[in-house]
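For reference, the structure is listed below as structure tokens.
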Amino acid sequence: MNQQPIARFSKRCPSAFVLTALVSMVLSAAGFAPAVFAQSTPHWMGHGRYQSSIASRDSGAMMRLVRPLSEMVEQSVVQVYSGGDVVALGTVVSEDGYILTKRSELSGGEPVSVRLPNGQKVDARVAARRKSNDLALLKLHGGDEANWNIKPATFSTVDPPTGSFLVSPGRDGFTIGIGVLGVPARYVAHQGRLGVNFYDAPSGPAMVRRVHPESGADNAGLQDGDRILKINGRQLLGSQSAITTLGKMYPGDVVRLTIKRGENTLELDALMCDQALLMESENDAKVNGPRNVRLSGFDSVIQHDTVLAPNQCGGPLLDSQGNIIGINIARAGRVVSYALPSSLVTAEMIGMLEEARRPSE
């Protein structure tokens with residue numbers, strides 16, 4: 001293998017050395033022999049004017065270089081629509097049209113459809129849910145099944161070490177992000193908050209002392225002094241009962257509140273928010289950018305620094321050899337993304353497929 005182009009490039013731009021190594025691994029994973037790599041190495045890798053471009057992981061040049069990895073799973077990645085908007089990616093898990101995606105991004109009651117790798121748009125329905133890890137299993141039920149041209153994802157049992165390069169593919173063989181694994185698999189407790197403080201009352205309705213601005217409670221129209229009689233139809237016995245009931249809800253859940261305001265009884269639907277979103281300042285929000293409604297509450301996640309849009313979660317996450325090592329599940333911060341590891345995804349997938357295929361009684 002001719003090392004000179006790589007050696008010249010690495011000497012001029014040391015920060016890009018690891019990226020050069022990644023390029024080599026990408027081409028090897030895509031089936032290129034060393035001799036072919038030497039012949040296929042872009043001439044611009046040795047030119048100074050491209051050094052800053054290649055050194056940036058999110059540059060167009062790097063996206064093109066790792067595209068062979070994304071193309072390896074091209075038939076396994078779809079776009080998910082809810083109410084006509086793209087809300088997530090999806091990962092194909094069976095030839096008969098079952099797809100895993102991010103549950104909390106699906107608007108309740110809105111029609112769901114899927115854009116397949118070949119561009120065809122097909123109706124779908126939610127066949128199973130796993131609230132504990134924010135997964136939904138969709139089932140395609142439209143179009144010509146013979147022309148879906150999808151392929152089930154094969155999840156790897158290999159756990160990549162910290163510091164590994166990771167690739168996030170989009171639909172149609174494109175790469176949407178490149179990152180580095182920063183934290184190995186860990187539990188993330190859910191932090192769902194309605195956005196209210198209560199007066200301390202041992203019995204009777206829970207009286208609202210304060211509604212936090214821009215919270216789910218605020219957006220639903222809850223006001224200071226309102227008395228909450230029921231949550232999701234469950235009668236409350238004091239403020240602690242309300243706190244306990246709400247503490248079981250995940251970010252993204254919609255709760256039905258039965259309240260007393262003066263002499264009137266009202267029904268309000270409020271969205272549970274993630275505590276991290278409620279606590280961030282206006283400046284923090286600008287720095288972090290758009291994030292998913294649900295950022296917490298996962299049995300196990302691996303953390304990487306790929307910059308993803310909220311609607312780019314739900315698709316597979318690859319290592320530098322093209323192995324699927326998980327599913328992206330949340331954009332949690334400016335350079336913090338979470339993915340469910342393959343071991344967890346596989347276990348959830350098996351249970352969800354069994355549930356979806358179980359004959360109705």
Side-chain angles (χ1 to χ4, degrees), residues 76-93 97-145 148 150 168 170-172 174 176 190 192 194-195 214-222 232 249-257 267-274 277-278 285 288-297 308-316 327-332 337-338 340 352 355-356:
S76 303
V77 186
V78 302
Q79 282 180 318
V80 178
Y81 291 73
S82 181
D85 296 323
V86 178
V87 297
L89 292 177
T91 304
V92 178
V93 294
Y98 282 101
I99 294 165
L100 282 177
T101 191
K102 184 170 172 64
R103 180 194 68 91
S104 60
E105 296 299 325
L106 302 176
S107 302
E110 297 286 354
V112 178
S113 57
V114 169
R115 180 79 67 187
L116 300 179
N118 62 11
Q120 184 182 176
K121 194 173 182 181
V122 177
D123 291 337
R125 61 178 174 82
V126 179
R129 297 178 177 85
R130 288 295 182 270
K131 182 183 290 189
S132 59
N133 286 300
D134 202 22
L135 287 172
L137 183 69
L138 306 180
K139 176 64 173 74
L140 301 179
H141 63 83
D144 184 0
E145 184 173 347
W148 284 348
I150 55 177
S168 294
R171 192 189 69 82
D172 204 22
F174 287 95
I176 57 176
H190 75 84
L194 181 61
E214 304 300 323
S215 65
D218 184 32
N219 293 332
L222 203 64
N232 289 341
M249 307 292 179
Y250 286 84
D253 286 352
V254 176
V255 295
R256 170 59 63 93
L257 305 174
E267 300 281 345
L268 302 177
D269 289 329
L271 181 72
M272 297 292 292
C273 296
D274 200 286
L277 295 176
L278 287 178
N288 287 320
R291 292 191 280 170
N292 290 99
V293 173
R294 177 166 169 181
L295 313 176
S296 61
L308 299 173
N311 65 3
Q312 291 175 331
C313 293
I327 285 181
N328 286 317
I329 201 65
R331 172 181 163 83
S337 292
Y338 292 152
L340 303 178
M352 295 171 82
E355 177 184 330

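By convention here, the first residue in the shown sequence is residue 1.
Across Arg171 and Pro117, no two heavy atoms sit closer than the pair NH1-O, 3.3 Å. Of all heavy-atom pairs spanning Asp218 and Glu214, the tightest one is OD2-N, 2.9 Å.
Residues satisfying the salt bridge (Lys or Arg N to Asp or Glu O under 4.0 Å) criterion with Glu110, sequence neighbours excluded, are absent altogether. Qualifying salt bridge (Lys or Arg N to Asp or Glu O under 4.0 Å) partners for Arg103, counting only residues two or more places apart in sequence or in other chains: Asp134, Asp253. When the salt bridge (Lys or Arg N to Asp or Glu O under 4.0 Å) test is applied to Arg256, the partners found at least two apart in sequence or on another chain are Glu267, Asp269. Judged as a side-chain contact (heavy atoms from CB on, under 4.5 Å), and not counting sequence neighbours, the contacts of Ile176 are Leu89, Ser168, Leu308, Gln312. Shown here are the ring-ring contact (aromatic ring centres under 6.0 Å, His included) partners of Tyr250, two or more places apart in sequence or in another chain: His190. Legend: residues meeting side chain to side chain donor-acceptor pair (under 3.5 Å) with Asn118, ordered by chain and number and at least two apart, are absent.
Under the 3.5 Å distance criterion, with hydrogens and angles disregarded, a donor-acceptor pair is assigned to the side chains of Glu105 and Asn292.
Evaluated for a side-chain contact (heavy atoms from CB on, under 4.5 Å) with Ile329, the options Asn133, Thr101, Leu340 yield exactly one hit, Leu340.
A 4.5 Å side-chain heavy-atom check between Leu271 and Asn219 finds every atom pair outside the cut-off. Contact check for Ser104 versus Pro251: no side-chain heavy atoms found under the 4.5 Å cut-off. Annotation: side chain of Ser76 is not in contact with side chain of Ile150 (no heavy-atom distance under 4.5 Å). Taking the side chain as every heavy atom from C-beta outward, Leu138 and Val78 never approach each other to under 4.5 Å.
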